[in-house]
Amino acid sequence: MVSKGRTKLNRLLPTCLSLVLPAVLMCGGITMAQGTTPDAMGSGVPHFDGVQKSVSGGIVEAILFYIFGGTVLAAAIGVCVSKRVVRMATWLFGTLGGVAVLYFLLGANYLGVIQLIVYAGGTLILLVFGVMLTSKSPWVRFECPRGEMVVASVVSILLFASLTTVLVTAEWPAQSQSADGVRIAEFGKELLTTYLVPFEVASVMLLVVMIAAAYLARQDRDDSEGAN
Amino acid sequence: MAEISNYEIYLMAGVLIPLASFFILMLFGPRIGKPVAGWLTVLAMASSCALATITLVGWHADVNTPPDSITGRTVAQQLSIDASHNQFHWADIGSVPIKIGVKLDSLTVIMFFMVTFIATWIFIFSVGYMSGHSDEVDGKSKYHRFFCYLSLFGFSMLGLVISSNLLFLFMLWELVGLCSYLLIGFYFDKKFASNAAMKAFITNRVGDFGFIFGLMMVFFFLKTFDLDQAAIEFGRQFASSTGVFDAGFAINLFGWHVSGAMLATMMGIGLFCGAMGKSAQFPLQVWLPDAMAGPTPVSALIHAATMVAAGVYLVARIFRLLTPEAQFFIAVIGCITLTAMALIAMVQTDIKKCLAYSTLSQLGYMIFGMGVGAWTAALFHLMLHAFFKAMLFLGSGQVIEGCHHEQDMRKMGGLMKKMPMTGITFLVGVLAISGFGIPLMNVGLGGYFSKDEILAVAWDRAYMWHEPIEHHGDSGHGDAGGHGDSGGYADASGHADLGGYGEIDSHGSVMPSDASASSFMLVSDQHGSTGHDTGHADSGHADSGHDDSGHGDSLHGEAGHASGSHALGSVESLKASIPPLPKWMFWLALITAYVTPFYMMRCWWMTFMGKPRDQHVYDHAHESPLMWVPLVALAISTFGASYFVFRPMIADAAGAATDATLVLGLDGVAESAETASGALIHVHEAHHWLAYGVGGSWVIAFFVAFLIYRNGLATGAKLKAAFGPLATLLEHKYYFDELYDFLLVRGCRLAAAVCRAFDTYVIDLFANLSASIVERFAVFSGRGVDAHVVDGVFNGLAAASMDVSDLVRSPQTGRIRNYVLFAAAAAVVVVMVMLYFDGSDYPVVRHASTIGASSAGIQ
Amino acid sequence: MDTLLQNFWTPTSTDLFWFSPELALVGTIVMLLVVPIIMGKSARTSGRIALFGTVATIVLTLRVAGVVQTQGISGLAPPAAAGMLILDNLAIYFKIVLMLFMAGIIGLWFIGSAEKERNGPEFFVIFAGSALGMVLMAGTLNLLMMAIAIEMASLPSYAIVGFKKRNRAAAEASLKYVVFGGISAAIMLYGISLLYGIFGTLNFAHIAPRAAVMLHEGQNTLILGFALICTLGGILFKIAAVPFHFWCPDVFEGAKIEVTAWLSVSSKAAAIVLLLRLVDAFSVGAVSEGLSAAIFNNLALGLAIIAAITCTWGNFAAYRQRNIKRLLAYSSIAHAGYMLMACSIFMHPGLLGAGYSIGQSPMGAVLVYIMLYAIMNLGVFAVAAMVIWQTGSEDIDAFNGLGRRSAWLAVPMLFCLVSLVGLPPFAGFIGKYWLLLALGEAGTAYASVQSLGTIYWTLIVIAGTNTLISLFFYFRIIKAMFLTDDGQPAFTPSITGATMANLCGIALLVMGVFYIQQPRDMAEKYATHLFQPAAAMTHTMTTTQDVYNEKPNAADPDFRLTTIDHEQEGAQ
Amino acid sequence: MPLLEIGLMHYLILAAAVFSCGVFVMSTKRNAIGILIGIELVLNAVNINFVAFDRYQVVGGCDGQISAVFVIVIAAAEAAVAVAICMNLYKNLNTIDVDRGDSLHG
């Protein structure tokens with residue numbers, strides 16, 4: 001059965017989630033409340049500002065970043081060390097939620113909401129359904145050989161190290177100071193003009209994928225295809 | 001488009017008739033039935049031969065017409081120029097047009113005739129041969145298939161000969177190789193035949209790889225595939241400093257700076273690689289003896305008379321693209337081949353293999369001749385060799401057939417009584433290849449003229465090369481009369497008019513500026529000299545030639561004089577820049593000339609004379625008319641070929657096919673220079689001298705062979721014991737097969753093993769990454785030890801490849817996670833490497849036209 | 001409200017006309033879904049609809065092509081924005097080739113699967129969806145659009161591989177495909193995000209010149225290299241280049257044979273065309289900054305190494321295969337390697353000045369090779385499919401004695417196989433020859449840049465050696481067909497199938513013998529007109545030129561791009 | 001990289017860490033859905049990158065955010081197909097252990 005340490009880790013999970021979800025809601029609420037200006041049509045559209053606007057000095061931002069970034073990372077590592085797929089899915093939920101908060105921090109409010117709705121509400125549920133449907137017991141676990149685990153960890157750590165080196169040594173131009181968050185109106189306009197084609201293509205893609213997934217997943221009435 | 005001459009139509013028809021026969025046999029072969037299919041092929045080839053004969057006769061007449069007063073060309077020259085305009089525009093590669101056309105010149109005509117003539121007789125022989133042989137392969141009759149392949153071979157070989165375009169020449173070249181493959185492996189249900197076929201095919205591919213490389217260089221640097229155009233462009237670039245082949249030009253190839261001249265040499269060697277494969281020259285000679293596994297008519301037709309000679313033909317055609325260094329390379333290869341293969345032939349006991357090695361040696365002579373510049377002589381040797389070697393092979397086929405498929409000469413003997421026609425014709429062949437002739441009497445057979453001429457030129461290159469050229473040295477003509485074999489060459493009338501060739505040059509300047517016309521001019525200008533080649537021969541016996549000045553006489557005309565002196569000047573200056581032939585090469589060739597008659601006589605004696613050594617074989621021996629008639633025909637034509645038309649026609653071809661600016665030591669040049677100035681007489685002095693030196697070789701060698709083998713084989717065996725290791729070496733053919741086996745097969749396996757070891761250790765680093773991989777490797781190592789039985793592929797090269805194949809597939813474990821890890825690890829490695837190499841400078845080449853713009857654009 | 005609406009831009013009818021081939025494919029999908037509801041589910045009807053949709057797409061493409069002529073058009077976006085889709089000759093060429101190939105595959109489906117197919121509409125919806133994705137892949141320079149197009153092509157492919165639901169191998173194959181594909185897509189997106197961060201734009205036409213400048217200044221080379229590797233990884237996955245090839249043999253073996261045939265050409269070809277576009281954009285970008293395209297020599301080296309390994313790997317691995325589908329999978333890897341070789345040439349034909357003959361342009365060579373490869377593979381797969389359907393075995397022994405059993409199949413198979421090896425007189429020889437020629441030309445042109453010149457010459461040698469290797473395994477099939485006979489019964493193939501195979505074989509022979517000038521010219525034209533300056537355009541469409549000229553950020557005065565008009569005038 | 005002044009680099013490194021975790025998950029999990037979860041992790045890293053660049057690196061426009069939306073769409077679609085395929089595999093093999101699905105190899 002489960003080792004002691006793992007039990008401990010598993011207990012962290014609800015803690016983590018209980019931390020994440022209210023924070024998400026809180027941040028979303030703050031943002032909504034602050035960003036909405038009752039401006040009339042004349043000057044444009046409802047204006048949402050990112051959190052960073054409201055946080056001067058950046059200390060609060062830093063704290064929030066470390067909390068939620070830490071959550072994301074911890075949950076990601078949790079995914080790595082979990083042996084059971086349902087746990088992995090739960091940890092993934094932590095990551096997704098944390099990332100959503102980071103979006104709010106970055107001033108991408110709409111995206112944060114999307115992340116919560118589509119990812120946490122859709123994709124993850126899909127995965128969990130997959131887990132449920134494909135295992136006799138939801139706690140099914142397949143052990144990976146220890147040797148492979150070691151190799152994979154070494155490779156991953158090396159990958160992280162080299163990536164970090166690459167990212168740090170890169171010369172990023174000076175940060176632009178004028179960023180003031182993206183207005184949702186602008187976002188929507190871009191989506192339906194410049195990105196109209198990808199938008200339409202994505203919708204066709206979803207249609208096709210839906211049909212494909214439905215076909216593959218459904219039980220055929222009288223399935224008698226021979227192997228050809 | 002000039003009007004298409006009859007010759008072109010004849011030649012093209014001659015090519016297409018065998019193709020038609022091929023299609024008929026392919027489609028309706030089984031229905032046509034057993035003897036008819038064979039005779040249909042014979043009929044097709046005979047009609048081609050008839051067309052070829054008509055062409056030959058007509059062309060010969062046209063060559064000898066007096067030059068037109070306006071254009072200054074003979075009819076033949078005019079036709080040749082016209083033919084170069086009559087090209088079908090096939091395609092463009094980029095801006096370079098690819099045109100198909102008939103290359104109409106003496107060489108084509110004469111080769112065409114030779115191929116059709118020999119093929120006709122061999123096809124007749126084949127009908128007889130196949131009636132005595134099983135035509136069943138895998139339990140079904142493949143009679144029609146045999147003739148089907150033969151027809152296809154006829155088509156491709158003839159197409160190769162008339163092609164005016166290197167690309168087409170190459171395509172048909174491949175087709176010829178394919179036919180060879182199919183025919184060697186005709187009895188493909190027999191393992192050795194199928195192996196031999198594969199071996200031939202693959203060895204040829206190795207050569208063709210070089211050929212393709214050469215072709216690409218031709219295309220890149222000369223921007224044309226047309227033989228004439230390429231030669232002109234090459235000459236232009238090489239002479240002037242405006243091209244790739246200028247010495248100042250250099251490109252960077254694999255880190256070396258390669259100068260233009262080296263590139264040119266590489267191009268020549270690349271092209272020659274193709275010839276090395278087809279003509280089975282030194283490192284690639286291994287396939288030809290094995291190819292004797294095919295039916296005997298195939299050996300005669302393809303592997304003795306025509307296809308293997310195609311390599312020599314190719315060298316003749318690309319001669320103008322060869323730099324002196326490339327020529328030297330060719331000479332070395334030829335020299336090694338002719339010596340080494342002749343030595344092997346001495347110990348062979350299989351009659352066909354003995355002939356095969358003899359063929360190799362003779363091909364070596366031809367290639368050697370090409371390399372030392374004996375263009376005319378080498379081609380002459382090719383022609384004669386085709387006749388007598390085809391005859392010898394057919395004779396051996398007759399013997400084998402008669403002796404109940406016995407090929408070992410040690411079991412034969414005394415067959416003269418049973419098969420006299422074969423014995424006699426075989427003897428004629430033996431005499432011809434041995435260079436039988438009587439010095440100073442112009443009486444001789446085949447090799448006496450051609451091989452000796454090659455040797456003479458080699459001697460000249462080796463000994464007389466840097467001697468100063470004497471102007472006006474008509475004293476040299478003392479030998480004109482004594483120049484024995486010239487009388488043997490041909491009818492005088494042929495030469496008298498050929499002398500007029502020189503006149504073309506004079507009219508060069510007033511010729512139309514049309515590209516190809518002037519191109520022809522350029523070619524003939526560059527060897528106006530060769531026009532004199534024939535002029536010389538003329539002076540040799542028609543005696544109308546030489547006054548004191550030695551040139552500028554009425555025969556050659558003013559123009560001939562001018563270009564003659566010009567040629568002389570260039571010859572003199574160029575000669576100085578080219579090293580003489582190393583003396584050992586000449587001596588090797590000379591000594592081998594003594595070996596040749598020995599092994600041929602041995603072969604003949606063991607087979608036909610002495611006492612019957614195997615009574616069973618002897619009892620069975622018989623002759624069939626369908627088979628000896630071609631023998632007699634070929635024997636007669638061997639006589640004819642030695643004396644008539646051929647030599648002058650080749651000499652005529654030399655005028656159009658060689659290029660004096662590059663081609664030095666070319667016997668044509670040498671002879672003409674002699675005519676023009678009276679210099680370079682040593683060639684003929686040499687020949688004179690060689691007539692004693694080599695001319696008697698056959699006597700000595702025959703005598704030795706007679707002494708040894710008169711008493712049967714005992715002495716031979718004793719001799720072999722005396723020479724112990726040497727004989728073993730020769731019997732193992734210098735261990736070449738073993739070497740290739742070692743280098744290629746074992747080498748590949750070793751490389752595979754090293755890779756495997758490396759991989760194993762790398763995988764070990766990924767400890768337990770996948771038990772299945774390790775297991776797989778273990779299985780694989782076990783498998784690597786036992787030799788794979790290969791589907792009839794070159795001795796096991798395939799096995800090695802299969803090992804590599806296993807190795808390559810082994811990561812394909814079928815497991816997704818492993819794939820991911822492989823990819824991730826690869827990414828890490830790449831990033832690490834990048835980190836390591838970061839900061840390496842990038843080459844910057846400013847684009848000339850945009851420097852201004854860019855300096856404004858980039859801040 | 002007025003002001004709000006004025007901000008929006010709607011496509012005009014002209015825009016929709018440019019987009020009509022893609023719309024036709026979407027329409028096909030809709031028809032496939034609607035018609036069964038009305039008329040009842042019938043596999044054959046679905047097949048006919050798909051075939052009709054394919055034909056309609058071809059017709060519309062030709063109509064669009066008639067208007068596009070020489071100038072490229074970058075469409076379906078407001079004039080100020082960079083176009084998401086590029087409609088130029090290259091895209092049109094690819095659409096036509098792909099749609100013709102698709103028609104062939106549908107024909108194959110009619111022969112073998114139509115009878116027992118129960119889910120025709122689903123099959124063709126997925127099929128047409130993947131085709132749409134591939135069409136889109138060939139027509140974009142926007143990285144996001146590229147990613148979406150790749151997904152649009154991939155996701156239906158994953159599903160269609162597993163279409164035989166009760167088949168264990170198919171399920172396994174599709175799982176491998178989706179997992180490996182998902183991983184590649186994720187990594188590619190990571191690379192794209194880095195590129196976006198470095199350059200602040202997703203338009204590759206802007207990224208390329210600035211990348212050249214960056215390399216020139218030796219700045220940010222590391223991260224640039226890493227981002228490019230990740231991005232190209234996604235494309236190389238579609239091409240199945242080593243080390244992204246692992247999915248290929250397994251997927252090919254597991255899928256239905258017509259699906260295998262479809263994937264063997266289409267996914268690779270689309271990705272190759274996309275790669276060509278990127279490489280071309282690199283070259284144009286470098287030159288527009290006054291630099292030589294040789295600045296990307298390390299990238300070229302990387303691609304060249306991958307190409308060389310891919311080609312060699314594929315050929316060696318094919319060596320011992322006995323499963324014909326698997327063998328052809330490795331063969332397709334090898335051929336992808338040949339095409340990749342030419343893709344590693346960073347050189348645009350329009351940019352080399354007057355002395356450059358377009359005959360050696362790498363792009364034309366690759367395009368024509370794609371077409372020839374489609375024909376060869378269609379022929380081979382048609383024959384293989386019929387043999388497999390007849391014998392029920394995918395082993396190479398199923399071909400034993402085919403020459404006797406059905407000469408109508410054996411002969412075209414022979415032609416196609418010899419053409420795959422690249423031997424004359426078949427068109428495969430010419431295709432390969434052009435590829436090598438392009439390499440040689442590049443080797444000569446870059447002779448002064450040491451590493452580059454060497455790379456191209458080496459590639460020629462490797463390609464030649466590989467041709468030699470490939471000879472063996474292709475000849476094994478030929479040997480089985482003509483030289484080995486284990487007395488399997490003769491059979492009469494379906495007329496459609498035999499016709500198709502024979503058409504392919506004859507087409508190869510004819511093109512080879514008569515030297516396919518027309519397709520080559522066409523490919524050349526399409527390649528060289530890719531970035532021709534457009535004629536004056538009056539409507540709202542932006543031209544391809546604008547893709548290059550449009551400033552990524554009007555607000556940023558520091559960033560200026562030079563136009564590339566100079567070079568193009570020079571190339572005329 | 002000051003610790004308290006959150007900037008681009010913080011987000012990038014976080015994304016890199018999530019990316020590496022994703023790769024680890026993809027290469028160690030034997031459960032097919034586990035591998036899908038790994039893919040989702042990598043896609044989240046991508047999205048963090050996109051949004052961070054959009055916020056800190058790029059002036060004007062919202063390409064980064066829009067890209068992130070599309071990446072989410074892609075992830076959703078991929079998950080749909082992949083889960084369906086997993087279920088299909090499960091029906092055939094009665095397991096979704098990817099190591100069991102190795103009948104195709106070599």
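Fair warning: this is a prediction, and the values are worked out from it, not measured in the lab. Below, chain A is the first sequence line, B the second, and so on; all start at residue 1.
Of the atoms belonging to D/F70, it is side-chain heavy atoms, and not backbone ones, that fall under 4.5 Å from chain C. Heavy atoms closer than 4.5 Å to chain D are found in both the backbone and the side chain of C/L155. Heavy-atom distances place both the backbone and the side chain of C/I192 under 4.5 Å from chain D.
The closest side-chain heavy-atom distance from C/S157 to C/Y177 is below 4.5 Å.
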Show me the donor-acceptor pairs within less than 3.5 Å that the side chains of residues 75-83 of chain D make with the rest of the protein, sequence neighbours left out.
none

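Top candidate by heavy-atom pairs under 4.5 Å with chain C, chosen from D/L43, D/I85, D/I74, is D/I85. Of the listed residues (D/I39, D/N47, D/V42), the one with the most heavy-atom contacts under 4.5 Å to chain C is D/I39.
Residues meeting the side-chain hydrogen bond (donor to acceptor under 3.5 Å, both in side chains) test with C/T260, sequence neighbours left out: none.
Remark: C/K238 fails to qualify as a cation-pi partner of C/F244 under the 6.0 Å distance and 45° angle criteria applied to the six-membered ring.
The aromatic rings of C/F226 and C/Y190 sit perpendicular to each other, their planes meeting at more than 60°, with 30° as the lower class boundary.
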